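These notes concern the structure reproduced below.
Since we're looking at a predicted model, the values are computed, not measured.
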Amino acid sequence: MPHYNFSAGPSSLPAVVADRVAVSFRDFRGTGIGIAEHSHRGAAFEGLLRETEGLVRRLADVPSDYAVMFMPGGGSLQFYGVPLNFLVPGRTADYCVTGHWSKKAYYDAVAIGQTHVACSSEDVRHVRIPAQVTTSANPVYLHYCTNNTIYGTQWQAPPTVPSDVPLVADISSDMFSRPPRVAEHAMVYACAQKNLGIAGVTLVIAKRDFIATGRRDLPAMLQYRTFDEQGSMPNTPPTFAIYVMYEMLTWIAEQGGVVGLQARAQQKSSLLYSFIDATPFYTGHAEAGSRSQMNVTFRCATPELDAKLLAEATAAGFVYLAGHRSAGGMRASIYNAMPLETVATLVQFLADFARKN
């Protein structure tokens with residue numbers, strides 16, 4: 001029986017990427033040594049690292065005055081790392097609270113210094129992206145999360161702020177599903193296990209002028225300038241995770257780049273949302289103008305029906321469809337690696353379940 005992986009992360013890999021990784025785990029590029037065994041200071045890995053950075057710059061249209069860094073610790077470390085570096089006494093950090101992860105980022109900043117909630121959707125259970133963003137008097141940056149995996153909402157464009165306010169974005173769950181608009185931000189970051197590969201490495205892209213404003217009284221490993229100046233290798237980096245990111249980026253280029261994947265994301269999400277909207281048996285969580293193209297959240301009329309659907313879905317090979325424990329219902333994560341045919345198969349299953357129940 002086939003299995004269909006709708007996990008919100010770690011998520012599925014394209015079959016061709018998994019095959020390439022399997023070969024390179026034993027023998028990387030004919031060296032006779034697996035990629036996980038190569039020294040990070042050896043020519044094989046250093047060449048791979050340069051190639052991976054080059055792919056990031058090309059696919060994301062990264063300006064030359066931006067640093068591309070491969071960092072450990074996941075997206076959650078960036079929640080703390082950003083205010084630790086840039087939120088200094090006498091300044092305020094602004095936050096858009098539009099879901100679980102952006103709220104965690106906000107509370108990590110609260111522990112560092114003065115903060116301001118520029119917008120929030122908590123009062124409406126995060127069914128929409130707020131229409132209004134109100135910045136503080138002199139913010140050191142404004143932080144937001146482009147795509148909210150738990151509630152299935154997504155910013156359709158960056159928040160509108162004064163031109164002198166640096167934007168910092170967590171783009172973990174929609175990176176390379178659409179143009180990331182790097183030049184409009186001071187910093188963007190994305191943990192890899194959604195659209196970029198496997199857990200263990202976080203891609204950070206930051207304007208060097210912004211990095212230069214960071215504190216210098218922190219331990220070296222906690223400063224962004226350290227990773228920029230030392231080419232992401234102040235210590236042994238997560239070499240295998242970086243290699244898998246390289247294969248994912250290569251695959252993205254083969255799909256027509258970000259533009260090609262954006263068209264596929266629109267096609268997949270439209271198919272699923274159109275079915276949910278046309279089927280009274282199901283109710284979508286996010287409002288139409290704020291819907292995510294990566295995480296489609298919905299539910300049946302009762303929790304009992306939700307549980308029944310999930311049990312039958314698992315038996316039929318649809319795995320990780322349960323919504324986050326804080327939200328309930330169902331969540332279909334349809335990241336870049338998810339084929340359109342798999343989404344169509346899910347729609348057919350949901351239609352059969354609705355008819356029977």
For the residue pair R291 and D277, what are the closest heavy atoms and their distance? NH2-OD1, 2.8 Å
Apart from V319 itself, which Ile, Leu, Val, Met, Phe, Trp or Tyr residues share its cluster (side-chain heavy atoms under 4.5 Å, direct or through members)? Y320
Strictly distance-based, threshold 3.5 Å: is any side-chain N or O of S270 a donor or acceptor partner for the main-chain N or O of Q267? no
Report, one line per pair, each donor and acceptor closer than 3.5 Å where one atom sits in a side chain of residues 5-18; sequence neighbours left out.
| unit_1 | atom_1 | unit_2 | atom_2 | d |
| --- | --- | --- | --- | --- |
| N5 | OD1 | S7 | N | 3.0 |
| S7 | OG | G9 | N | 3.1 |
| S7 | OG | P10 | O | 2.9 |
| S11 | OG | Q193 | O | 3.2 |
| S11 | OG | K194 | O | 2.6 |

Pair listing, salt bridge (Lys or Arg N to Asp or Glu O under 4.0 Å) test, anchored in residues 93-112, at least two apart: K103-E122
All salt bridge (charged side-chain N to carboxylate O under 4.0 Å, His left out) counterparts of R58, not counting sequence neighbours: none
Salt bridge (charged side-chain N to carboxylate O under 4.0 Å, His left out) involving R264 - partner list, sequence neighbours excluded: none
Does atom CZ of R26 have more than 12 heavy-atom neighbours from other groups under 6.0 Å away? no
Return a table of donor-acceptor pairs under 3.5 angstrom between the side chains of residues 230-244 and protein atoms on other chains or two or more places apart.
| unit_1 | atom_1 | unit_2 | atom_2 | d |
| --- | --- | --- | --- | --- |
| S232 | OG | F70 | N | 2.9 |
| Y243 | OH | R20 | O | 3.2 |
| Y243 | OH | S24 | OG | 2.8 |
| Y243 | OH | E247 | OE2 | 2.8 |

Residues, nucleotides or ligands: over 12 heavy atoms within 6.0 Å of F25 CZ: no
Report yes if the side chains of M187 and Y224 come closer than 4.5 Å at any heavy-atom pair, otherwise no. yes
For a 4.5 angstrom cut-off between non-hydrogen side-chain atoms, does I150 reach W101? yes
Compute whether any side-chain donor of one residue and acceptor of the other, for N148 and T153, lie under 3.5 angstrom apart. yes
For the pair D228 and R225, find out whether any cationic side-chain nitrogen is under 4.0 Å from an anionic carboxylate oxygen. no
Enumerate the residue pairs fulfilling salt bridge (Lys or Arg N to Asp or Glu O under 4.0 Å) with a member in residues 157-174, sequence neighbours excluded, ordered by first and then second residue. D174-R178
Does CZ belonging to R41 count more than 12 external heavy atoms closer than 6.0 Å? yes
Checking the side chain of S173 only, and the main-chain atoms of N147 only, is there a donor and an acceptor separated by less than 3.5 Å? yes
Does D27 use its side chain to pair, donor to acceptor, with the backbone of G34 at less than 3.5 Å? no
Report yes if the side chains of F176 and L249 come closer than 4.5 Å at any heavy-atom pair, otherwise no. yes
Might you point out which heavy atoms bring S333 and M338 nearest each other, and give the distance in Å? O-CE, 3.7 Å
Run the side-chain donor-acceptor check on residues 299-309: report pairs under 3.5 Å with partners two or more places apart or on a different chain.
| unit_1 | atom_1 | unit_2 | atom_2 | d |
| --- | --- | --- | --- | --- |
| R299 | NH2 | A327 | O | 2.8 |
| T302 | OG1 | L305 | N | 3.1 |
| D306 | OD1 | C300 | N | 2.7 |
| K308 | NZ | N357 | OD1 | 2.7 |

Could you check if a side-chain atom of N195 sits within less than 4.5 angstrom of a side-chain atom of M294, using non-hydrogen atoms only? yes
Name each donor-acceptor pair under 3.5 Å that joins a side chain in residues 111-118 to protein atoms two or more places apart or in another chain, with its distance.
| unit_1 | atom_1 | unit_2 | atom_2 | d |
| --- | --- | --- | --- | --- |
| Q114 | NE2 | T92 | OG1 | 2.8 |
| H116 | NE2 | T134 | O | 2.7 |

For H38 and F28, take the angle between the two ring planes, folded into 0 to 90°, and tell me which bin it lands in: parallel under 30, tilted 30 to 60, perpendicular over 60. perpendicular
Apart from V133 itself, which Ile, Leu, Val, Met, Phe, Trp or Tyr residues share its cluster (side-chain heavy atoms under 4.5 Å, direct or through members)? I129, L142, Y144, W155, V161, V165, L167
Could you tabulate the donor-acceptor pairs under 3.5 Å formed by side-chain atoms of residues 79-88, not counting sequence neighbours?
| unit_1 | atom_1 | unit_2 | atom_2 | d |
| --- | --- | --- | --- | --- |
| N85 | ND2 | G81 | O | 2.8 |
| N85 | ND2 | L222 | O | 2.9 |

Can you see whether N295 engages Y151 through a side-chain donor-acceptor pair at a distance of less than 3.5 angstrom? no
Is the shortest side-chain heavy-atom distance between V188 and P180 below 4.5 Å? no
With sequence neighbours excluded, tell me which residues meet side chain to side chain contact (heavy atoms under 4.5 Å, CB included) with Q293. Q154, A265, Q266, S269
Find out whether R331 and T149 are in side-chain contact, i.e. whether some heavy atom of one side chain is under 4.5 Å from a heavy atom of the other. yes
Heavy-atom side-chain contact between T202 and C191 under 4.5 Å: yes
For the pair F349 and F318, name the ring-plane relationship: parallel under 30°, tilted 30 to 60°, perpendicular over 60°. tilted
Are H126 and H100 side-chain neighbours, meaning at least one heavy-atom pair lies under 4.5 Å? no
Any ion pair linking D217 and R215 (charged N to carboxylate O, less than 4.0 Å)? yes
